[in-house]
Amino acid sequence: MPEGPEIRRTADRLAKAVAGRPLVSAWFAFQALAPFGPKLAGRRIRAIEPHGKALLTRFDNGWTLYTHNQLYGVWQVCRAGERPPTARSLRVALETADSAILLYSASDIAMLRDTELASHPFLSRLGPDVLDPGLDAAAIEARLQSPAFARRRLGGLLLDQGFLAGMGNYLRTEALFEAGVAPQRRAMDLAPAERAALARALLKVPRRSYRSRGIEPARGMRGEYLSDTPDGFRFQVFDRAGLPCPRCGTPVVRATDAGRRIYACPRCQR
DNA sequence: CTTTAAACCTGCTGGC
DNA sequence: TGCCAGCAGGTTTAAA
């Protein structure tokens with residue numbers, strides 16, 4: 001579940017299940033982390049925080065578990081002692097008296113002292129979290145104009161976690177469509193109205209996705225997503241090559257941008 | 001400095 | 001059914 005909204009939803013779920021209660025056991029698959037298992041018994045999880053697409057599990061002893069799911073990591077909540085049948089490899093298990101949270105498949109896992117979080121190679125480079133309620137359009141507009149980012153092409157810029165943490169491929173695709181801007185434009189070349197529209201879209205699209213519980217591919221149906229909820233986040237152009245643009249009817253075009261697939265309406269996005 | 005390409009990690013799907 | 005190629009919502013590194 002790889003973009004900001006999905007990660008934050010996961011954090012919510014995990015925290016609800018285990019935060020605040022003493023751990024009965026902790027287990028790590030990786031050799032380097034195994035010694036932490038016994039040390040964590042009896043400790044509590046203070047909070048589970050998303051930082052962009054990374055998750056920080058904060059223990060009450062000055063240590064934090066850093067995990068990044070990349071494309072394939074999966075967190076699960078289950079009852080204490082349970083281990084749902086799966087072919088995936090278990091990497092972390094944190095158990096309280098009644099619930100457990102399990103991390104499968106992820107490879108980017110570390111235990112860090114709270115004091116070294118600020119110097120972590122990934123965390124230290126993150127920009128403001130796109131789902132941070134304190135982030136506003138003015139701040140994003142300022143960022144788009146700052147010398148550090150202004151010369152960059154929007155397609156690549158919006159994937160850069162140092163610009164806005166939590167953005168990902170479907171979010172950048174949808175935000176650019178929402179703003180009516182083509183991915184090859186440079187931040188510095190946007191007209192004021194376009195810049196304002198993009199800043200607004202960069203807040204609106206991720207928040208709407210988070211509210212509707214993120215997106216999830218429908219099993220066995222390539223290109224279909226279980227995102228069509230009542231209050232609804234639904235793709236306008238992502239994964240919809242050849243289908244009519246919802247605004248003007250022109251067929252949506254697929255392309256490669258910054259090494260990733262992107263979709264756009266050639267007429268609405270200039 | 002900016003952009004692209006390749007590598008890395010793991011899981012899933014489709015084709016043969 | 002089994003194996004392999006290709007792709008994926010991510011990130012880092014090296015090269016252009």
Side-chain angles (χ1 to χ4, degrees), chain A residues 1-11 29-30 50-55 66-76 84-92 102-110 120-127 129-131 144 146-177 182-189 205-206 208-210 212-227 233-241 254-263:
Chain A
M1 306 155 225
E3 300 186 32
E6 290 76 18
I7 302 293
R8 187 166 291 249
R9 279 285 173 185
T10 299
F30 297 147
H51 286 233
K53 296 165 199 164
L55 224 54
Y66 167 92
T67 55
H68 196 301
N69 280 3
Q70 270 199 330
L71 291 175
Y72 40 81
V74 175
W75 278 103
Q76 271 209 334
T86 172
R88 290 165 171 273
S89 39
L90 184 62
R91 296 289 161 80
V92 178
L102 310 173
L103 176 60
Y104 293 92
S105 301
S107 55
D108 194 4
I109 303 173
H120 184 273
F122 181 80
L123 295 173
S124 63
R125 283 189 227 130
L126 289 180
D129 197 302
V130 75
L131 289 171
L144 284 167
S146 93
F149 304 113
R151 349 179 39 78
R152 308 259 308 264
R153 294 171 65 268
L154 293 173
L157 180 63
L158 299 191
L159 289 176
D160 183 344
Q161 301 302 291
F163 179 65
L164 286 177
M167 286 296 294
N169 203 32
Y170 85 76
L171 291 175
R172 72 149 179 177
T173 299
E174 293 294 315
L176 286 168
F177 173 77
Q184 50 272 31
R185 298 281 298 283
R186 278 170 205 274
M188 66 193 300
D189 297 331
V205 172
R208 195 175 43 195
S209 176
Y210 173 70
S212 59
R213 300 192 301 281
I215 59 115
E216 210 180 301
R219 256 194 318 233
M221 286 181 278
R222 212 175 179 74
E224 300 285 320
Y225 290 82
L226 302 176
S227 52
F233 183 83
R234 128 162 254 173
F235 292 137
Q236 307 293 295
V237 289
F238 189 81
D239 222 12
R240 296 177 59 80
R254 173 180 170 155
T256 297
D257 185 286
R260 318 283 302 280
R261 62 183 173 136
I262 196 167
Y263 302 81

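None of these values were measured; they are calculated from a predicted model. The sequence lines fix the lettering, A, B, ..., with proteins before strands; numbering per chain opens at 1.
Distance L71(A) CG to dT13(B) C1': 15 Å, rounded to the nearest Å. In this structure, NZ of K53(A) is placed 9 Å from C1' of dT11(C), rounded to the nearest angstrom. Between I7(A) atom CD1 and dT11(C) atom C1' there is a gap of 13 Å when expressed in whole angstrom units. With rounding to whole Å, N69(A) atom CG is found 14 Å from dC12(B) atom P. In this structure, CD1 of I262(A) is placed 13 Å from P of dA8(C), rounded to the nearest angstrom. Rounded to an integer number of Å, the gap from CG of N169(A) to C1' of dA8(C) is 10 Å. At whole-Å resolution of the value, CD in Q184(A) and C1' in dT2(B) are 16 Å apart. When rounded to the nearest whole Å, the span between CG of L159(A) and C1' of dT12(C) equals 14 Å.
When distances run from any side-chain atom of R186(A) to the nucleotides dA8(C), dT10(B), dT3(B), the shortest one goes to dT3(B). You'll find that the side chain of F122(A) is closest to dT12(C), out of dA8(C), dT10(B), dT12(C). Distances from the side chain of R125(A) to the nucleotides dT2(B), dT11(C), dT12(C) place dT12(C) closest. Of the candidate nucleotides dT12(C), dG11(B), dC9(B), dC9(B) has the atom lying nearest to any side-chain atom of Y72(A). The side chain of R88(A) lies closest to dG11(B) when the candidates are dA8(C), dG11(B), dT11(C). Nearest to the side chain of R261(A), among dC9(B), dA8(C), dT3(B), sits dA8(C). In the set dT11(C), dC12(B), dC9(B), dT11(C) carries the atom at the smallest distance from any side-chain atom of Q161(A). Which of dC12(B), dT11(C), dT4(B) sits closest to the side chain of R153(A) comes down to dT4(B). The side chain of S107(A) has dC9(B) as its nearest neighbour among dC9(B), dT2(B), dC12(B).
Using a 4.0 Å heavy-atom distance criterion, G168(A) is classed as a sugar-phosphate-only contact. At the heavy-atom level, R91(A) lies under 4.0 Å from the strands shown only through sugar-phosphate atoms. Using a 4.0 Å heavy-atom distance criterion, R9(A) is classed as making no nucleic acid contact.
Between dT10(B) and Q70(A), no contact under 4.0 Å exists linking OP1 or OP2 to a side-chain N or O. Of the side-chain N and O atoms in R152(A), one or more sit less than 4.0 angstrom from OP1 or OP2 of dT3(B).
A donor-acceptor contact shorter than 3.5 Å links the side chain of T173(A) to the backbone of N169(A). Under the 3.5 Å distance criterion, the side-chain polar atoms of R91(A) are matched with a main-chain donor or acceptor of A106(A). In this structure, R186(A) contributes its side chain and A150(A) its backbone to no donor-acceptor pair below 3.5 Å. Using modelled atom types, no side-chain atom of E3(A) and backbone atom of G166(A) make a donor-acceptor pair closer than 3.5 Å.
Across the strands present, dC9(B) finds no partner; the criterion is a Watson-Crick or G-U wobble pair with both atom distances under 3.5 angstrom.
Here the side chains of I262(A) and L176(A) are in contact, with some heavy-atom distance below 4.5 Å. Side-chain atoms of Y66(A) and F122(A), non-hydrogen and from C-beta on, do get closer than 4.5 Å to each other.
When the P atom is compared between dC9(B) and dC3(C), the two are found 22 Å apart, to the nearest whole Å.
Taking the nucleotide of DNA chain B with the nearest heavy atom to each of G156(A) and S89(A), the more 5' of the two is matched to G156(A). Toward the 5' end of DNA chain B, the nearer of the two residues G259(A) and A150(A), judged by each one's closest nucleotide, is A150(A).
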